[in-house]
Protein chains: 2
Amino acid sequence: MKIDELQFTVLTQPGAAPLYRLVKRALLRVIESGQCRPGLALPNEADIATAFGVSIGTLRRAVDELVHEHVLVRRQGRGTYVALHNSDRFMFQFFHVEPRPDPRYADVVPKREYPMVECVAFERERASEADATALRIQPGEPVFRIDNRLSLGGRAVVHDRISVAAQMFKGLTEKRLLDRPSTIYNLYQTDFGITVLRAQERTRACVADATMSRLLGVANGMPVLEVHRLALTFGEKPVEFRVSTVNTLHHDYVSVLS
Amino acid sequence: MKIDELQFTVLTQPGAAPLYRLVKRALLRVIESGQCRPGLALPNEADIATAFGVSIGTLRRAVDELVHEHVLVRRQGRGTYVALHNSDRFMFQFFHVEPRPDPRYADVVPKREYPMVECVAFERERASEADATALRIQPGEPVFRIDNRLSLGGRAVVHDRISVAAQMFKGLTEKRLLDRPSTIYNLYQTDFGITVLRAQERTRACVADATMSRLLGVANGMPVLEVHRLALTFGEKPVEFRVSTVNTLHHDYVSVLS
DNA sequence: CCCAATTTGTTCGTATGTATA
DNA sequence: TTATACATACGAACAAATTGG
């Protein structure tokens with residue numbers, strides 16, 4: 001990507017936010033607008049800085065924040081890239097289920113494992129009340145509903161029920177979903193230009209109903225974890241509402257507070 | 001705190017980590033050593049920079065990282081302080097239980113509420129296997145065991161079973177625990193010089209046993225959330241092992257992935 | 001294998017703005 | 001008002017990683 005192919009504006013009104021934040025927002029607009037697709041390199045820092053009419057230090061500060069928010073990725077000697085959702089980094093930013101460690105080998109860090117994903121159902125339905133409030137659409141509006149089953153070490157551990165607004169994912173089909181080469185968030189990004197930046201989760205303990213006990217191979221009435229996740233993109237816009245049901249008999253939901 | 005009262009060293013061997021990281025570690029050593037107690041201000045940036053023999057930009061970069069890790073707090077026009085564990089910020093860094101929002105009022109952000117804490121038991125016991133592996137001590141070594149019950153809106157929601165090495169908390173008594181003016185992590189910090197920086201959690205769904213159903217007022221056999229938390233201080237040293245049992249009938253365990 | 005070009009990473013120093021006491 | 005301290009912005013020089021010749 002060359003600097004003279006980019007359309008941008010840096011609104012520099014006095015008394016507003018610091019300059020590096022204006023630059024950051026300008027960069028965000030460039031990225032959101034799709035002028036610089038995920039995976040592509042930005043022009044080099046010196047060129048962007050002069051094009052924006054700011055010093056290189058100011059530009060670097062703006063880029064620093066975007067790197068920290070996983071919007072950009074820097075590689076010394078190569079360039080700065082729009083972040084792609086296919087690396088381990090992004091896979092495990094949103095997948096937190098791990099086998100429970102054997103207490104006898106406490107110091108052994110359990111190796112994070114890629115889940116095997118199996119699509120159980122793909123439907124076009126009408127948004128439920130819960131879908132609608134989460135996705136900020138009207139109840140009854142069309143949604144795609146995807147049911148996936150995730151396995152670790154050959155054992156079914158997680159069931160995901162995913163709802164996305166059909167409006168936002170025009171042309172999504174079961175085939176395209178099944179043929180995706182990487183994660184589902186990578187599909188959102190490459191095929192629909194939607195980048196999931198962060199997610200809110202609400203977790204609770206529930207009892208496995210008949211369907212879940214069948215899908216996860218647990219006894220009926222066993223306690224399971226239920227995680228309600230709302231995934232957001234730029235501007236806090238909701239992208240996906242997902243209810244994950246986790247069999248925590250042999251696995252844990254892990255997180256780090258820092 | 002004046003600059004000439006500080007003992008410090010900046011090991012600057014060529015080929016090592018970048019200078020700002022060496023400065024960061026030097027600052028960490030100063031803080032860990034207790035020369036600068038939590039709540040106190042550091043000397044101003046210019047003085048620290050000249051004392052360390054680095055530029056102000058380099059020092060600021062080191063401080064930036066420590067601020068990001070909640071070790072330091074900056075206040076424009078006032079100074080830079082060693083972070084204290086008494087603010088909302090730190091309270092809610094480690095407390096994530098919120099009332100379940102009414103779906104009819106989805107846009108209303110539930111106001112975060114301070115839990116009412118009630119000490120149910122305080123004992124000096126011997127470390128179990130689980131305590132020992134988590135806290136990296138020998139099984140049978142003395143530990144303090146604290147059982148707390150937390151209520152939100154007058155309803156008991158969480159039970160915490162806390163284990164800490166007696167070795168590390170010499171002189172802890174039930175009275176000192178009960179008389180604490182703020183959170184328990186604030187007590188660790190002010191009375192024992194131990195700052196909890198981050199924590200790892202493993203969450204699973206369980207069935208309430210007789211004790212828990214009594215303490216939390218849930219029916220026997222109801223599903224509850226069980227959160228195993230290991231709290232860490234400087235150098236990844238374990239401080240506290242805690243098992244939280246959460247009644248998620250009317251509350252959620254919330255988190256943000258970003 | 002080494003060299004040169006390119007790009008980000010680190011460090012320096014200075015000047016000015018803004019919040020606080 | 002004044003002094004102090006952090007915040008922002010600028011620009012230069014060199015280091016380190018990467019790539020391609």
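Keep in mind that this is a model prediction, so the values were computed, not measured. Residue numbers start from 1 in every chain, and the chains themselves are labelled A, B, ... in the order their sequence lines are given, proteins ahead of strands.
Taking atom CZ of F52(B) as the reference point, atom C1' of dT11(C) lies 16 Å away to the nearest angstrom. Put simply, CG on L72(A) is 15 Å from C1' on dT7(C), counting in whole angstrom units.
Shown here are the ring pair (Phe, Tyr, Trp, His ring centres under 6.0 Å) partners of F234(A), two or more places apart in sequence or in another chain: there are none. Take F144(B) and apply the ring pair (Phe, Tyr, Trp, His ring centres under 6.0 Å) test, not counting sequence neighbours, and it matches F122(B). Residues meeting the ring pair (Phe, Tyr, Trp, His ring centres under 6.0 Å) test with Y81(B), sequence neighbours left out: none. The ring pair (Phe, Tyr, Trp, His ring centres under 6.0 Å) search around F94(A) returns Y185(A), not counting sequence neighbours.
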>> I'd like to compare against my own output: the B/S/- annotation of nucleotides 1-9 of chain D with a strict under-4.0 Å heavy-atom distance to protein.
In response: ---BBBSBS
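Residue pairs meeting the salt bridge (Lys or Arg N to Asp or Glu O under 4.0 Å) criterion with at least one member in residues 48-57 of chain B: none, sequence neighbours excluded.
In this structure, I56(B) reaches the bases: a heavy-atom distance under 4.0 Å links it to at least one base atom across the strands shown.
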